There are 2 protein chains.
Amino acid sequence: MGDPTRTLELLWRDSLPSQAKRGPKQALTVTAVVEAAVALADAQGLDAVTMRALAGKLGIAPMALYTYVPGRAELIDVMLDTLYAGMPRRKPKGRDWRSRLEAVAHDNRALFTRHPWLADVSTTRPPLGPGQMAKYEYELQALEGVGLDDVAQDAALTFVLGFVESSARAASDQRAARLESQMDDGAWWETNAPLLARMSDPERYPIASRVGSAAGKAHGAAYDPDHAYAFGLERVLDGLAALIERPRAPRGPARRPARKRGA
Amino acid sequence: MGDPTRTLELLWRDSLPSQAKRGPKQALTVTAVVEAAVALADAQGLDAVTMRALAGKLGIAPMALYTYVPGRAELIDVMLDTLYAGMPRRKPKGRDWRSRLEAVAHDNRALFTRHPWLADVSTTRPPLGPGQMAKYEYELQALEGVGLDDVAQDAALTFVLGFVESSARAASDQRAARLESQMDDGAWWETNAPLLARMSDPERYPIASRVGSAAGKAHGAAYDPDHAYAFGLERVLDGLAALIERPRAPRGPARRPARKRGA
DNA sequence: CGCAACTACGTACGTCGTACGTAGATTGGG
DNA sequence: CCCAATCTACGTACGACGTACGTAGTTGCG
């Protein structure tokens, strides 16, 4: 990422008092630049967002971009926050925490689906912009009033979002591998099966062979992102349920004894 | 990553029948190249593993590397598989599945700690090398005999490993941000607090302000990777427990009705 | 022995982000 | 009102990077 302070000013540019400036007016706006960059990334991936390509799309010289944005890293920061700002904000407060959290997960997954290049960006610790802020506020609502203290609330949300990002990244990795090798999973397997069969005999790897081929047959591929997401989300929510719906005990150990935290 | 078939041959190079070759013998071995690359990545990060730098370290010309490895992408594939091959393989079969899985998670986390550049690599779907294979076989043992069918066994392991990678990546992102901004969390906060205070008033973002500052105070930073890992791992295991230790019911719905899989 | 195959490597190309300097437009202060 | 301060836009250029390509030299098989 880029220089944090400079990025902060950029992110909050709309809320910031814009003092009158001396020189000529800018032909474009930061927002327009960011939107063009997002469109470019959506269409051709993050690698296609080069300063030259973006400038060409906007009809300006490459170096003119630097009057809008300090550098490529900061541009990407703003792209991310812009997307966050545009996420849906429903009001599903009436239902149970589980469906609320599920909705949060789905919305985030949808964002990764719509903008696959997000998988190439560090979304865990982006600079704190207005979009991120509003997103955080909104998503925390899903966990309000379920009996978690503030620290646990934050940790739980981080946990859910981390899972969604992780599965989105796995899906993106698979997509990239498929694109690169120019063949689908079936063709890949056909090409490499002979070699693999000779290498990975079921005697050396009995469980791996059994489980691996079972999973492969079930999904029609070595890895099924949709199934991994559906499976994982259930586990994530069940895991949080064990924390939230733990039998009320004002003090003392819960059903299971407390567990030491490993290194 | 690189060309799959060529990479496979490279990965299984030790098990493959090496037919006698015509020309002069190679001065180095693929293994030596890979080990040097790992050392370089450990010391200075994955970006520092340039073909020129690696060649310099090995005392050969940059282009000579291409006689050992088809390209940089394939080199990284082999680096990853080499690390997998060297992971510890204990025999904790006696204990319960939970501590077995916990050990698997810890071992993987330790690998990310020892080699932080792994966070920059797609570890979810690497080419199937001997290291990956042995790792898969070993880690599946933790889930043998707990009553999961083969497909669920694979999904459960993927789930656990995905979590570990996700938290490792978050930790790595934070480390990178710290390095780049040249200041620790305290200094960053001091610098940017005035700006942030003006932007993010607690009236617009009440929950975020409350929870965010509580989490910040508890960890002494905006994000605590160790806590996120400890918290998350408990949830991961609890979530799997809900699947594994589900009350035996030969057929029909479990305690909760089956859930539809979202898009 | 001769030739095919292989290693090692030097040069060079096309890509990238962006530092730097400059020309021209704009506007606030005297 | 004017000019100096200040900002925009941009051209050129630098130092990375991965790696395509061609060549010289070495080895071992037939």
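Note that this is a predicted model, so its numbers are computed, not measured. Quick note: numbers below take in every heavy atom, side chains included, and nothing from hydrogens, waters or symmetry partners. Throughout, protein chains are lettered first and strands after them, A, B, ... in sequence-line order, and every chain is numbered starting at 1.
Look at CE on A:Met51: it is 16 Å from P on D:dG11, rounded to the nearest Å. Atom C1' of nucleotide D:dC7 and atom CD1 of A:Ile60 are separated by 15 Å, given to the nearest angstrom. In this structure, A:Asp47 atom CG and D:dG18 atom C1' are separated by 13 Å, rounded to whole Å. Summarising the geometry, the separation between CG on A:Leu75 and P on C:dT18 is reported as 10 Å, rounded to the nearest angstrom. One atom, CG of A:Leu54, and another, P of C:dT18, lie 13 Å apart when rounded to the nearest Å.
Between A:Tyr229 and A:Phe163, the two ring planes are parallel [angle under 30°; tilted spans 30° to 60°].
Heavy atoms only, all atoms of each residue included: A:Ala64 and A:Ile60 are closest at CB-CD1, 3.9 Å. When all heavy atoms of A:Tyr223 and A:Gln174 are compared, the closest pair comes out as O-OE1, 2.6 Å.
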Would you mind writing out the side-chain donor-acceptor pairs for residues 29-43 of chain A within the sub-3.5 Å range, not counting sequence neighbours?
| unit_1 | atom_1 | unit_2 | atom_2 | d |
| --- | --- | --- | --- | --- |
| A:Thr29 | OG1 | A:Ala32 | N | 3.0 |
| A:Thr31 | OG1 | A:Arg13 | NH1 | 2.8 |
| A:Asp42 | OD1 | A:His115 | ND1 | 2.7 |
| A:Asp42 | OD1 | A:Trp117 | NE1 | 2.6 |
| A:Asp42 | OD2 | A:His115 | ND1 | 3.1 |

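For DNA chain D, no neighbouring residue in residues 28-42 of chain B is found when judged by any heavy atom under 4.0 Å. Within residues 62-72 of chain A, the residues approaching DNA chain C are A:Met63, A:Tyr66, A:Gly71, A:Arg72, by heavy-atom distance under 4.0 Å.
Applying the 6.0 Å contact sphere to CG of A:Asp201 captures more than 12 heavy atoms from other residues, nucleotides or ligands. No more than 12 heavy atoms of other residues, nucleotides or ligands sit less than 6.0 Å from atom CZ of A:Arg204.
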Next item on the list: Could you walk me through whether B:Thr123 and B:Glu165 pass the side chain to side chain donor-acceptor pair (under 3.5 Å) test, one step at a time?
Entry: CA-CA 8 Å; B:Thr123 62; B:Glu165 182 188 4; 3.0 Å; yes
Checklist line | A:Ile76 vs A:Val49, side chain to side chain contact (heavy atoms under 4.5 Å, CB included): CA-CA, chis, key distance, verdict | finding: CA-CA 9 Å; A:Ile76 293 174; A:Val49 183; 5.8 Å; no
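Between the side chain of B:Arg52 and the backbone N or O of B:Pro62, no donor-acceptor pair lies under 3.5 Å.
The side-chain hydrogen bond (donor to acceptor under 3.5 Å, both in side chains) search around A:Asn108 returns A:Lys135, A:Glu139, not counting sequence neighbours. Evaluation of the side-chain contact (heavy atoms from CB on, under 4.5 Å) rule for B:Ala171 yields B:Arg175, B:Pro225 as partners, not counting sequence neighbours.
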Identify the pairs formed between an N or O of the protein and an N or O of nucleotides 24-27 of chain C at a distance under 3.5 Å, and give each distance.
| unit_1 | atom_1 | unit_2 | atom_2 | d |
| --- | --- | --- | --- | --- |
| C:dT26 | O2 | A:Arg22 | O | 3.4 |
| C:dT27 | OP1 | A:Lys25 | NZ | 3.3 |
| C:dT27 | O4' | A:Arg22 | O | 3.0 |

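DNA chain D is contacted by both B:Val49 and A:Arg52; A:Arg52 maps to the nucleotide lying nearer its 5′ end (nearest heavy atom per residue).
Close to C:dA8, at under 4.0 Å from its OP1 or OP2, lies a side-chain N or O of B:Gln26.
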